[in-house]
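See structure below.
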Amino acid sequence: MKEFITHSDFETQSLGEEFGKKINSAVTFAFFGGMGMGKTAFIRGVVKGLDSDDRVSSPTFALVHEYAGRLPVYHFDMYRVESWDDLYSTGFFDYLGEPCVLLIEWSENIENALPDDAVRIEISRGELESDRVIKTDWSEVQ
Ligand SMILES: Nc1ncnc2c1ncn2[C@@H]1O[C@H](COP(=O)(O)OP(=O)(O)OP(=O)(O)O)[C@@H](O)[C@H]1O
Ligand SMILES: [Mg+2]
């Protein structure tokens, strides 16, 4: 488990960008951490690191946003997902096994449905209001 500490939205985005640059084949990033922890900020960086200029925002109502990068990117927000039916309707299962990058906010809500090889990225608050502790078991950053 590797741990990073960031001190601003910008630093979290930059860390995400470093992760994005290291992606060279299909991967699922499963984000854990409550409201306003910086999941979307991190994802903004990942998408940039995948060489996409697309605008990133939480797909809270749209269920999924698609971005065009070195690999196709699908950004899910599972905040409102409460059942297997809800999850099916996001189209989540159609993307598993596809050559794409899946970025999943609120993975807590679909923990049982995550693929076995999903990379967990857990964000929590640090000592200061703007500190974030970002933990992951991703082999590329150990
Ligand atoms: N170190 C930090 N990293 C990221 N965001 C930070 C940091 N410090 C403060 N912030 C603030 O925290 C908020 C993070 O918002 P963001 O939308 O990225 O969170 P989120 O985890 O996606 O939230 P939600 O669960 O609502 O989708 C922003 O308002 C940002 O300015
Ligand atoms: Mg978000």
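This one's a predicted model, so the numbers in the text were calculated from it and none came from an experiment. All ligand and atom numbering here is 1-based and tracks the order in the structure. In what follows, every heavy atom counts, from backbone to side chain, and hydrogens, waters and symmetry copies are set aside.
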Need the ligand 1 atom indices (1-based, order shown) with element for anything under 4.0 Å from a heavy-atom of [X].
X: M37; value: 19 (O), 20 (P), 21 (O)
X: S58; value: 27 (O)
X: S8; value: 1 (N), 2 (C), 3 (N), 7 (C)
X: T6; value: 1 (N), 3 (N)
X: A41; value: 18 (O)

### Task
Evaluate the ring planes of Y95 and F76, with Trp represented by its six-membered ring, and classify them as parallel (under 30°), tilted (30 to 60°) or perpendicular (over 60°).
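Judged by the thresholds at 30° and 60°, the geometry between Y95 and F76 is perpendicular.
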
In the protein, which heavy atom is nearest to [atom], and how far is it?
atom: atom 9 (C) of ligand 1; answer: R132 NH2, 3.5 Å
atom: atom 3 (N) of ligand 1; answer: T12 OG1, 2.5 Å
atom: atom 26 (O) of ligand 1; answer: M35 SD, 3.6 Å
atom: atom 1 (N) of ligand 1; answer: S130 O, 2.9 Å
atom: atom 19 (O) of ligand 1; answer: G38 N, 3.0 Å
atom: atom 5 (N) of ligand 1; answer: D9 CA, 3.7 Å
atom: atom 25 (O) of ligand 1; answer: K39 NZ, 2.9 Å
atom: atom 23 (O) of ligand 1; answer: G36 N, 2.9 Å

### Message
Taking only non-hydrogen atoms of H7, do any sit less than 4.0 angstrom from ligand 1?
### Response
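Yes, H7 has heavy atoms under 4.0 Å from ligand 1.
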
### Message
If we only consider heavy atoms of W106, is any one of them less than 4.0 Å away from an atom in ligand 1?
### Response
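Heavy atoms of W106 do come under 4.0 Å of ligand 1.
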
### Query
Do the side-chain N and O atoms of E66 and H75 include a donor-acceptor pair separated by under 3.5 angstrom?
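Judged by distance alone, the side chains do not pair up.
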
### Message
Within 45 degrees of the ring normal and closer than 6.0 Å to the centroid, is that where the cationic atom of K2 sits relative to W138?
### Response
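Here K2 fails the 6.0 Å and 45° test against W138.
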
### Task
Please step through side chain to side chain contact (heavy atoms under 4.5 Å, CB included) for the pair E105 and S58, ending with a clear verdict.
CA-CA 8 Å; E105 297 197 38; S58 268; 3.6 Å; yes

Spacing of [atom1] belonging to [X] relative to [atom2] belonging to [Y], to within rounding of 0.5 Å:
X: S124; Y: I5; atom1: OG; atom2: CD1; result: 9.0 Å
X: E122; Y: E108; atom1: CD; atom2: CD; result: 9.0 Å
X: S8; Y: D131; atom1: OG; atom2: CG; result: 10.0 Å
X: L114; Y: I104; atom1: CG; atom2: CD1; result: 5.5 Å
X: I121; Y: D137; atom1: CD1; atom2: CG; result: 9.0 Å

Could you pull out every donor-acceptor pair under 3.5 Å between side chains of residues 42-49 and any protein atom, sequence neighbours left out?
unit_1 : atom_1 : unit_2 : atom_2 : d
R44    : NE     : V56    : O      : 3.3
R44    : NH2    : V56    : O      : 3.0

### Task
Please check if a non-hydrogen protein atom sits closer than 4.0 Å to atom 29 (O) of ligand 1.
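So far as the 4.0 Å threshold goes, atom 29 (O) of ligand 1 is out of reach of every protein heavy atom.
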
### Query
So, R80 and E82, do they make that salt bridge, N to O below 4.0 Å?
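Result for this pair is no, no salt bridge flagged.
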
### Message
Any carboxylate oxygen within less than 4.0 angstrom of a Lys/Arg side-chain nitrogen, looking at D51 and R70?
### Response
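Salt bridge present between D51 and R70.
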
### Message
For ligand 1 and E105, I'd like to know whether there is a polar contact (N/O to N/O, distance under 3.5 Å).
### Response
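N/O-N/O distance under 3.5 Å: yes.
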
### Message
If I apply the N/O under 3.5 Å rule, does D131 come out as touching ligand 1?
### Response
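In this structure, D131 places no N or O atom under 3.5 Å from an N or O of ligand 1.
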
### Task
Sequence neighbours left out, what passes salt bridge (charged side-chain N to carboxylate O under 4.0 Å, His left out) with E11? Give chain and number order.
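Checked E11 against salt bridge (charged side-chain N to carboxylate O under 4.0 Å, His left out); zero matches.
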
### Query
Which residues and atoms, protein N, O or S only, are under 2.8 Å from the Mg ion (ligand 2)?
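Those protein N, O or S atoms (cut-off: under 2.8 Å from the Mg ion (ligand 2)) are T40 OG1, S58 OG, E105 OE1.
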
### Message
I need the contact type for T40 against ligand 1. Using non-hydrogen atoms and a strict under-4.0 Å cut-off, is it side chain, backbone, both or neither?
### Response
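Near ligand 1, T40 shows its backbone as well as its side chain.
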
### Where A68 and D54 come nearest, the two heavy atoms and their spacing
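What the structure gives for the nearest pair is N-OD2, 2.8 Å.
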
What side-chain donor-acceptor pairs closer than 3.5 Å can you find for residues 22-36, not counting sequence neighbours?
none

